Asker: 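One structure, as structure tokens, below. Some questions next.
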Amino acid sequence: MMKKARSLISFIVIFLGFFYFYTSQNPHNQTGAADHMAHGYVEIPKGNEIPAVNLSVSSDGPDTWLLKLNLFHFAFAPEKVGENKPSYNEGHAHLYINGKKISRLYGEYYHLGKLKEGRNEITITLNSNNHGALMAGGKPVQATEVIEVNK
């Protein structure tokens with residue numbers, strides 16, 4: 001009986017070790033802004049069209065919000081995500097609220113749900129298919145809007 005218990009405990013410890021290692025090494029883990037930086041940046045070479053993004057946030061019912069993106073010279077390409085070669089005019093977007101990465105976006109609309117009371121800084125970055133944040137002239141290709149929520 002004691003031998004079976006030790007085997008079971010050993011199995012659980014090894015399983016949890018592999019699980020922790022795998023989840024902590026996954027570059028697509030969306031736990032925060034630090035992951036955004038792990039992918040690095042992609043500077044758009046001169047001579048290429050520079051993409052741009054604008055965002056708007058509007059009320060979407062009681063206490064919920066809707067994000068809408070307007071893209072210029074940029075297309076979502078979810079089927080190409082993870083490619084090694086950087087792309088400059090296609091890829092995906094990252095959504096941050098108050099500096100925390102919330103999600104990767106592949107479309108122009110996103111239901112934000114409820115925002116916390118007070119100041120909410122919504123930031124969108126455009127990202128290459130290789131996940132690098134796009135930069136033009138040393139500046140990130142991004143848009144930010146601040147939403148004040150009063151309840």
Side-chain angles (χ1 to χ4, degrees), residues 12-151:
I12 290 171
V13 168
I14 291 170
F15 174 79
L16 290 175
F18 277 111
F19 179 77
Y20 173 76
F21 176 78
Y22 175 76
T23 57
S24 66
Q25 300 299 313
N26 184 348
H28 302 113
N29 187 347
Q30 298 183 15
T31 57
D35 294 321
H36 169 73
M37 304 307 251
H39 293 301
Y41 294 97
V42 172
E43 179 72 31
I44 300 169
K46 290 183 178 179
N48 288 287
E49 285 187 312
I50 305 299
V53 59
N54 289 330
L55 69 91
S56 62
V57 177
S58 59
S59 177
D60 186 28
D63 300 329
T64 62
W65 300 86
L66 180 66
L67 169 70
K68 182 179 185 315
L69 306 180
N70 290 312
L71 304 171
F72 306 95
H73 308 295
F74 189 84
F76 289 111
E79 70 280 2
K80 295 180 181 178
V81 71
E83 287 185 350
N84 290 329
K85 184 179 176 185
S87 57
Y88 308 119
N89 298 97
E90 66 178 15
H92 57 278
H94 288 176
L95 165 64
Y96 297 87
I97 299 178
N98 297 323
K100 180 181 178 188
K101 185 177 175 184
I102 302 300
S103 186
R104 188 184 308 167
L105 305 180
Y106 296 108
E108 295 179 4
Y109 289 92
Y110 185 83
H111 184 252
L112 295 169
K114 293 184 177 184
L115 296 173
K116 72 173 182 65
E117 187 171 348
R119 186 178 194 272
N120 292 274
E121 185 176 287
I122 314 294
T123 299
I124 296 294
T125 63
L126 295 184
N127 295 71
S128 175
N129 287 327
N130 72 356
H131 297 289
L134 292 172
M135 305 265 297
K139 296 180 181 177
V141 179
Q142 67 181 34
T144 298
E145 185 171 324
V146 174
I147 303 297
E148 293 284 343
V149 176
N150 301 310
K151 296 185 181 180

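Small disclaimer: the values here were computed from a predicted structure and weren't measured.
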Asker: Give every residue pair that meets the salt bridge (Lys or Arg N to Asp or Glu O under 4.0 Å) criterion with at least one member in residues 115-130, sequence neighbours excluded.
Answerer: Arg119-Glu121

Asker: Quick one: side chain to side chain donor-acceptor pair (under 3.5 Å) partners of Thr123, sequence neighbours excluded?
Answerer: Thr144

Asker: How would you list all residue pairs meeting salt bridge (Lys or Arg N to Asp or Glu O under 4.0 Å) that involve residues 70-95, not counting sequence neighbours?
Answerer: Lys80-Glu90

Asker: Going from OG on Ser56 to CD1 on Ile147, what distance comes out if it is rounded to the nearest 0.5 angstrom?
Answerer: 9.0 Å

Asker: Would you name the heavy atoms of Met135 and Tyr41 that are closest together and state the gap between them?
Answerer: SD-CD2, 3.4 Å

Asker: Check this for me: Lys114, atom NZ, are more than 12 non-hydrogen atoms of other residues, nucleotides or ligands nearer than 6.0 Å?
Answerer: no

Asker: Does the Asn48 side chain pair with the main chain of Tyr88, one donor and one acceptor, at a distance under 3.5 Å?
Answerer: no

Asker: When Ile44 is tested against each of Ser128, Ser87, Pro86, Pro51 for side chain to side chain contact (heavy atoms under 4.5 Å, CB included), which residue passes?
Answerer: Pro51

Asker: Using side-chain heavy atoms (C-beta onward) and a distance below 4.5 Å, is Asn130 in contact with Asn84?
Answerer: no

Asker: On a heavy-atom basis, which atom in Ala93 and which in Leu69 lie closest, and how many Å separate them?
Answerer: CB-CD1, 4.4 Å

Asker: Verify side chain to side chain contact (heavy atoms under 4.5 Å, CB included) between Tyr106 and Arg104, making sure each step is shown before the conclusion.
Answerer: CA-CA 7 Å; Tyr106 296 108; Arg104 188 184 308 167; 2.8 Å; yes

Asker: Is there a side-chain contact between Asn98 and Asn120, using heavy atoms and a 4.5 Å cut-off?
Answerer: yes

Asker: Please evaluate residues Leu112 and Ile97 with respect to the criterion side chain to side chain contact (heavy atoms under 4.5 Å, CB included), reporting the C-alpha separation (whole Å), side-chain torsions for both, the decisive distance (0.1 Å), and the verdict.
Answerer: CA-CA 10 Å; Leu112 295 169; Ile97 299 178; 4.1 Å; yes

Asker: Got a second to check how far Lys68's NZ is from Asn54's CG, nearest 0.5 Å?
Answerer: 10.0 Å

Asker: Hey, what's the ring geometry for Phe76 with Phe74, parallel, tilted or perpendicular (30° and 60° as the breaks)?
Answerer: perpendicular

Asker: Before you tell me yes or no, could you show the steps for Ile124 and Leu67 under side chain to side chain contact (heavy atoms under 4.5 Å, CB included), namely the whole-Å CA-CA distance, both residues' side-chain angles and the distance that decides it to 0.1 Å?
Answerer: CA-CA 10 Å; Ile124 296 294; Leu67 169 70; 3.7 Å; yes

Asker: Over all heavy atoms of both residues, which pair between Val57 and Trp65 is shortest? Give the atoms and the distance, please.
Answerer: CG1-CE3, 3.8 Å

Asker: Quick one: CD on Gln142 to NE2 on His94, what's the gap to the nearest 0.5 Å?
Answerer: 12.5 Å

